[in-house]
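Quick note: numbers below take in every heavy atom, side chains included, and nothing from hydrogens, waters or symmetry partners. Below, chains carry the letters A, B, ... as their sequence lines are ordered, and counting in each starts from 1.
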Amino acid sequence: MAKWLVKSEPDECGIDDFARDPQGVIPWDGVRNYQARNFLAQMQEGDEVFIYHSSCKHIGIAGIVRVAKSAYPDPLQFDPDSRYFDAKSSPDKPRWQAVDLSFVRKLPKLISLDRIKSLQGLTDLPLVRKGTRLSVMPVSDHDWETILTLDATPNGH
DNA sequence: GCCAACGTTGGC
DNA sequence: GCCAACGTTGGC
């Protein structure tokens, strides 16, 4: 089972939005970067995903969600009223993908970017590479476990 | 709100 | 296919 990380702005779609409806799903749409899209397309149902809060006061990993539905054409690309509308895309040849995500858990304490950066031995994680703006990225099993050593949940998970 | 780093666009 | 201009991301 592959592991991933997605960035979100907590006021738009943060971990609390998932926690509010733990049985529901949230479409992860509006991704308009090719590299990020390619990773979205690789996600499989059941994969676990870190929710990372960016562009906000408390930057870092706030929780874990799960892929509830693997990639399908992002409906927003066909909606002229959406800011994610793409006139160059068409239903028979969709350009952008979305997945559905569902709540797993909120971390009792956010794992800050500072602490993630201080970890030794992370493999080539784009999140901590300088200048990277990738909003969807794979996380190796090794990095996933390493990051979770900073999780304050008693008795593991 | 600043600004560096990056991706995308479009003229040539 | 180059590359300058532009827009966006995202930490600070």
Side-chain angles (χ1 to χ4, degrees), chain A residues 2-20 25-43 47-67 70-101 103-140 142-152:
Chain A
K3 310 250 192 286
W4 307 92
L5 180 147
V6 298
K7 294 179 181 174
S8 78
E9 299 190 11
D11 1 337
E12 288 190 6
C13 201
I15 194 65
D16 288 332
D17 295 287
F18 285 95
R20 203 168 293 128
V25 302
I26 293 182
W28 211 255
D29 49 22
V31 171
R32 292 296 179 268
N33 168 282
Y34 288 102
Q35 204 182 348
R37 176 205 63 183
N38 294 343
F39 287 131
L40 273 188
Q42 293 172 31
M43 289 185 180
D47 285 358
E48 287 191 307
V49 183
F50 280 141
I51 293 289
Y52 174 87
H53 287 174
S54 68
S55 302
C56 60
K57 181 145 188 211
H58 301 291
I59 298 166
I61 294 171
I64 297 173
V65 298
R66 188 184 305 281
V67 177
S70 60
Y72 57 92
D74 179 350
L76 300 182
Q77 68 194 309
F78 310 125
D79 176 3
D81 295 327
S82 170
R83 62 177 286 216
Y84 298 111
F85 177 68
D86 185 345
K88 293 179 184 164
S89 190
S90 64
D92 53 309
K93 222 181 166 195
R95 179 179 290 194
W96 305 110
Q97 303 280 112
V99 298
D100 286 348
L101 300 177
F103 184 68
V104 173
R105 68 187 178 94
K106 180 175 177 172
L107 301 188
K109 191 168 184 293
L110 176 129
I111 298 176
S112 71
L113 178 59
D114 279 351
R115 298 189 73 207
I116 297 167
K117 280 182 175 168
S118 75
L119 287 170
Q120 302 295 310
L122 289 183
T123 58
D124 204 22
L125 186 65
L127 183 71
V128 295
R129 211 185 301 142
K130 187 182 170 178
T132 186
R133 299 179 344 195
L134 194 58
S135 63
V136 179
M137 67 189 75
V139 178
S140 69
H142 171 268
D143 289 356
W144 182 275
E145 292 306 323
T146 303
I147 289 168
L148 280 182
T149 61
L150 301 177
D151 178 20

- [ ] Examine C/dG10: is either OP1 or OP2 under 4.0 Å from a nitrogen or oxygen in the side chain of A/K7? Give yes or no.
- [x] yes

- [ ] Tell me, with the steps shown, if A/W96 and A/Y34 meet ring pair (Phe, Tyr, Trp, His ring centres under 6.0 Å).
- [x] CA-CA 8 Å; A/W96 305 110; A/Y34 288 102; 4.8 Å; yes

TODO: Figure out the CZ/C1' separation between A/R129 and B/dC6, and round it to whole Å.
DONE: 13 Å

Open item on the list: Using heavy-atom distances to pick each residue's nearest nucleotide on DNA chain B, tell me which of A/R133 and A/K88 is more 5'.
Closed with: A/R133

Open item on the list: Parallel, tilted or perpendicular, judged at 30° and 60°: which one describes the rings of A/W28 and A/F18?
Closed with: parallel

TODO: Rounded to the nearest angstrom, tell me the gap between atom CZ in A/R95 and atom P in B/dT8.
DONE: 10 Å

Open item on the list: Closer than 4.0 angstrom, basic N to acidic O: yes or no for A/K117 and A/D114?
Closed with: no

TODO: Kindly say if A/K130 contacts the phosphate of C/dT9, meaning a side-chain N or O under 4.0 Å from OP1 or OP2.
DONE: no

Open item on the list: Looking at C/dT9, I'd like to know if its phosphate oxygens (OP1 or OP2) sit under 4.0 Å from a side-chain N or O belonging to A/Y52.
Closed with: no

Task: Check: A/D124 main-chain N/O paired with A/R129 side-chain donor or acceptor under 3.5 Å - done: yes

- [ ] Measure the distance from CH2 on A/W96 to P on B/dG7 and round it to the nearest whole Å.
- [x] 13 Å

TODO: Please state how far atom OH in A/Y84 lies from atom P in B/dT8, giving the value in whole angstrom units.
DONE: 15 Å

Open item on the list: Tell me the interatomic distance from A/E9, atom CD, to C/dG10, atom P, rounded to whole angstroms.
Closed with: 8 Å

Task: Value in whole Å for how far the P atom of C/dG11 lies from CZ of A/R115 - done: 18 Å

Task: Nearest-neighbour nucleotide for the A/Y34 side chain, C/dT8, B/dT8, C/dG11 considered - done: B/dT8

Task: A/K3 atom NZ: more than 12 heavy-atom contacts under 6.0 Å - done: yes

- [ ] Select base, sugar-phosphate, or nothing to describe what A/K117 touches, counting heavy atoms under 4.0 Å on all strands.
- [x] sugar-phosphate

Task: Between C/dT8 (C1') and A/N33 (CG): distance, integer Å - done: 11 Å

TODO: Check the distance between C/dG11's P and A/L134's CG and give it to me in whole angstrom.
DONE: 13 Å

